[in-house]
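This is the structure, below, for whatever I ask next.
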Amino acid sequence: MTPTMLQVTDLGHTYQSKDGPYDAIDALGFTVAAGELVCVVGPSGCGKSTLLRTVAGLIRPSRGSVSLHGTPVDGVPEDLAVVFQDYSRSLFPWLTVQRNVEFPLRGLPRAERAARAAEALAAVGLERAGRKYPWQLSGGMQQRVAIARALAYRPALLLMDEPFASVDAQTRFELEDLLLRVRREQDTTILLVTHDIDESVYLGDRVLVLSKSPASVVAQLPVDLGEHRDQITTRASDEFVELRAKVAGLLQGVPQTEPVAP
Amino acid sequence: MTPTMLQVTDLGHTYQSKDGPYDAIDALGFTVAAGELVCVVGPSGCGKSTLLRTVAGLIRPSRGSVSLHGTPVDGVPEDLAVVFQDYSRSLFPWLTVQRNVEFPLRGLPRAERAARAAEALAAVGLERAGRKYPWQLSGGMQQRVAIARALAYRPALLLMDEPFASVDAQTRFELEDLLLRVRREQDTTILLVTHDIDESVYLGDRVLVLSKSPASVVAQLPVDLGEHRDQITTRASDEFVELRAKVAGLLQGVPQTEPVAP
Amino acid sequence: MNLLKGTAQRWVVFVVAVALWELVTRAADDVFFPPPTTIAEAAGQIWFSPLFGEHVVPGVGRMLLGWALSGVIGVALGILLGRSRTAMAYLGPTFNFMRSIPPPLLVPFFAATIGVTSMQLPTIVFGAVWPVLLNTVDGARAVDDTKVDTARAFRLSGPQWLLGVVLPSALPKVFAGLRLSLSISLILMVVSELVGSINGIGNQLVQAQRDYDLPTMWAWIVLLGVLGYLFNTLLLLAELRALAWQPRHSPEAQSLATGG
Amino acid sequence: GLLGGDDSGDSAAQSGGGSIEKTKIKVGVLPVVDVAPFYLAVEQGYFKEEGLEVEPVVMGSGPAAISGILNGDLDIAFASYPAPLLAQSTKVADFKIVADALAAKPGHLVVVAPPNSSLKKPTDAPGKRIAITARNSMTDLAPMSVLKTEGVAYDQVQWVEMPFPNMITAMQNGEVDGAVTVEPWVTIAEKQLGATPVFDGASGPTAEIPMSGFVAVSGNGKFATTSPNTIAAFQRALGKAQAQATDRPKMEQMFVKYAKVDKETAQLVTISTYSTSLEANRIQRVANLMKEFGVIKGDLDVASMIPNAGTTGK
Amino acid sequence: MTGQRTGSRAAAGLVGLVGFFLVWEVASRTGLVPAYYLRPPSVVLPTVVRLLGDTGFLRALVATVFATLIAVAVAVAVAVPAGLLLGSVTWVRRAVMTLVEFLRPIPSVALIPLALLTFGTGPDTKITLAVYGGLWPILFNTMYALDELDPLHVETARAFGVGRLGVLGRVALPSAAPFVLTGIRLTFAISLAVVVSVELFSGGTIGLGQFILEASSGASQMDEVLAATVLAGLIGYGANAGLERLNNRFFAWNARGGGR
Ligand SMILES: Nc1ncnc2c1ncn2[C@@H]1O[C@H](COP(=O)(O)OP(=O)(O)OP(=O)(O)O)[C@@H](O)[C@H]1O
Ligand SMILES: Nc1ncnc2c1ncn2[C@@H]1O[C@H](COP(=O)(O)OP(=O)(O)OP(=O)(O)O)[C@@H](O)[C@H]1O
Ligand SMILES: [Mg+2]
Ligand SMILES: [Mg+2]
């Protein structure tokens, strides 16, 4: 088996607020192998974004630990990119779209930065928006800028929080395939939160189903759809339909007949 | 037939920017009857949000006109509520969730305001979040607060811009049904932008398919699924599947065999 | 056409105010409040004489230098205090204490430590730095959470984080501070020239005041207004460039703001 | 009240002496040795004896005190002479000199220099930086007049304006080569710095020159016009106190209390002349001095500034 | 914030202040500055305590604080509505700003004689001048806060039928409030400075400035002058602390991410 990239052990986080503490996640545990694409699904408000933030080292978890390549995460790990759920706020309004995408690429020569940004923007279908400011774009376009920025960075670990929520179905399909291609070509490890059950099955090597808040892992569903997937044939396949029903059932709390992998 | 509530004629809007003008929508025309629920679908960045903003009187269109009950819209019409695509920014960070929902209800007695807000929050499953601030909520919860605010206002015309984009599938189903119920009970006219083709068919009395930017109406598909719909049976019905395929085809630019209503 | 309208809008209130002032002062006929036409006459005499070079240039040079220094210090310290809780905890109270000491009371302090004749620049800097500092602290603190997270996730270098994220998001507030500092610099330029100075607008203004040469005194006051207006206009131009990215400059936002 | 305003409405009382138009008067003063006899009169009750209730109001500067009487908030203001004479000459208002205060004795108005200064004698002055309180005041006019008589190029002196306390530090830091000081600062400069006198500013043409007095404004409804008897009473009371100015211990007490001079310094301070009479021709010297140096243009007849009604001070 | 954390922050602030006084003490004792005019804190601080027991001095202190508070209150009452108006209606802003920019750099100190003539030697003069000098930070911070107002907030309110005044009061004002409060903090210090300066330069009214004016006249009470100066700093410091508490209490939403 490929080496473990990410290991989450007994993770718990409690937000402090004036009304008292609030447990967002509790006793979460799972591992992600290098190069794997794991999709996370779970009810709204269960703690998915919190999980992503702890993995990214942006919040220090109250309990448990996250380790990358065996070393515990303390602070933000290297070679990481995040596509935030709140994409519009994560773009810098004082930079043009092009500069937003170039922003994390420090260290590279200017020309290369520009080339990478242009490439990433073209990949998400925004080749002509480079000189605009984020607020001059539609919601879906802004979300794609955030995706382009993460892709241009070429991270080893990519965390995505509902990255396709604001784009139309057609664009979504294209972006999904883009993600699969990037993963194949660059061997990126990806943890992706989604609300779209079909998407989780279509994209994932594994689907992680979380419980209601405080989130813990309800089930981990391996997805054996092979490496090469295709929007029409894969989605029409029997395994796909079956897996999808399984995920939906798990989400609704319907107990599964066959035991699921822990 | 029921009287026309909203009439959009030859609508066009051009954004001015330093790079020159940009046509977001062009020669858009359609009508919405009172009490009707019309779903709008179209590619990302085609001009859907712009359309909603002109209907709401928030931007003055460059060309054409919008009229409500036969009178041209100039400024924000009364009895209107909007759920913005960028829900997190449309909540007021200095108000608690409860106060955010109460925000438009001034004029009502305090107790009634509180009651209405509590009711709306309960309807979207946030009965316990009233005292929190928006930033203490997850993305999906924030979106539901924005929905609750619009519902508590009980508008005659409700404009919604991808209102369910950030909630999980299960919650989405519940909110869709909530919307249908509210529409039935309060006879609200609704214009709803969505990226989910299934959702547009499930919810709409009619689906408006827009072209790529600058948006114009490609087709208007009447949905004859009856008034009482149900997540399991309706979605499984043949008409549903057929309509859904039709919308998808229209969006992809596949010419339809049978002529569609203008 | 539009330009004409804009100019008219900009000056109509000013012109009306001056005209009213003329009428009121003529009617009152008080030596202490000469009418604008008399002031203009006196102004013409002093502004276009060697006095201008002798008294205006050195002071204004000091004032611009002092203002620039307070801008740089204010922004640098403001970002430090705005982003570091520790720095704020240790330095905040001391700064708030120093900020609250009325500058004229510091004159003996500066006179003793720096010297009566060379304390003009420090006086300006010490008084003008606070609006920039406080506003920058505000701006630096208010960097949007998601942007903070974004910057951290991409492991931005320190300079990139400070110059690329914190500074731009604080910039609108920094400009508010700079505009306040600008007029305070001018005011402190005058105040600091009252003591230990052999030239300067403040020196001349007070001299005219003591000589009961009121038109001349008013002419110096008006000159201060003119200088303030001029520098402010230049600053606004810079601000317009630096903040061009703000959505408020779009026609849609404008019409929304004015209710159009 | 709490804001520092005055609580006492000035009630023009008809009682008390019958002929006194206004029993409660406010007098603007400065914290200088010139007003020591005035405070003595307050403390000894001389004003009370005349049926006057005098409220001293400490002002920030001569011009501020003059603004006070112009506005009517103050009835009488203490001022260093050049200020009211200048105001009179520019026709700001019609001023009356109510009483004379201090005339400089040798040692009162002195140009001093720190020990290591290159300013040692009057002929060194050209090109030097010398501190004064303000241009066109006694601190520059008197020394200029002395220098002029001695044939020194007085117009080549660089006068630097600053308050007295700063002069000490400025001399210490070498920012100025000397300073024109008046008592008690002459003594303080000598004590603190070991400063030495370069020449006396009140000598030769300016010997015994009147430095300051009390003024009021006349005109329709103004104090000097409406209250001649009050002024006369004020003059009597003040005159009584000024006559005791030679009583050193009494004066030292006043210096310590009101000019905030410490005891040791007070014992060393030169006590000048406090004239008990109001003579136009003496004060005219100041006007002439001002005219000589172009401070006032044209002639100013000081006699016209002496109130004629009820002049009993003579 | 937990009580413990507030406590340790206060301790840190104390460390900063103590450091400040230490530097002063050392500078004064080593003769780095003329000790006669810059008495060390070990002399000045006991004088502060002694003066606080002196009723005459306390009256002066109270007079100054009251005048400052009134000036700040008036400045808030004038500048907040004016800032909202100027910040939201472009043509009014254009029309008025020329005059404002002209008036702003005119120093209060230069206007003292004129104000004395117009308002007399009572407290009116110092309050009027303090309002004039202190108005600007609130005005500008309000205006600039409106420029930064999220257009989507305005759109949301407008869409729900909130009128223009409603948008100002219910959206613009709350969103601007923290920055306006920073303006008020600046205003307080400036108003205090102007009040003390007017007392110092014009005299004639009870107050801290007047006290300093008298104390510094004979060079024997420099410790009292410095003590009064320190007290002026402490007043401002206290006011600032109060306003910051207000900020933390009412604008908790502004300190986002605190719970993480
Ligand atoms: N303020 C603006 N200034 C300039 N161009 C703008 C502005 N707002 C939107 N646009 C442009 O107008 C077009 C339509 O934008 P709009 O937000 O209406 O799209 P949309 O259909 O809502 O897209 P999405 O589904 O991605 O939200 C986009 O190409 C966008 O770049
Ligand atoms: N800063 C915070 N302070 C307090 N509570 C918070 C904070 N952030 C999140 N929470 C709470 O933690 C819980 C989990 O939030 P999180 O954002 O992780 O959910 P999520 O799974 O991403 O939901 P969604 O799918 O709606 O985005 C929510 O109930 C939320 O109210
Ligand atoms: Mg989330
Ligand atoms: Mg949109």
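Computed over heavy atoms, backbone and side chain alike; hydrogens, waters and symmetry mates excluded.
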Self-check item: Carboxylate-amine/guanidinium contact Lys257(D) Glu43(D), below 4.0 Å
Solution: yes
Practice problem: Give the minimum heavy-atom separation between Pro81(E) and Val76(E), together with the two atoms involved. | Solution: CD-O, 3.7 Å
Quiz item: Using a heavy-atom distance cut-off of less than 4.5 Å, which residues of residues 77-88 of chain D contact chain E?
Solution: none
Quiz item: Shortest non-hydrogen contact from Gly236(E) to Leu192(E)?
Solution: N-CD2, 4.2 Å
Self-check item: Residue pairs involving residues 224-234 of chain E (criterion side-chain hydrogen bond (donor to acceptor under 3.5 Å, both in side chains); sequence neighbours excluded)
Solution: Arg50(E)-Glu224(E)
Self-check item: Nearest-0.5 Å distance, CZ of residue Arg185(E) to CG of residue Asn141(E)
Solution: 10.5 Å
Self-check item: Derivation and outcome, side-chain hydrogen bond (donor to acceptor under 3.5 Å, both in side chains), residues Gln210(E) and Thr205(E)
Solution: CA-CA 7 Å; Gln210(E) 170 88 352; Thr205(E) 153; over 6 Å; no
Quiz item: So which part of Leu200(E) gets closer than 4.5 Å to some heavy atom of chain D, the side chain, the backbone, both or neither?
Solution: backbone
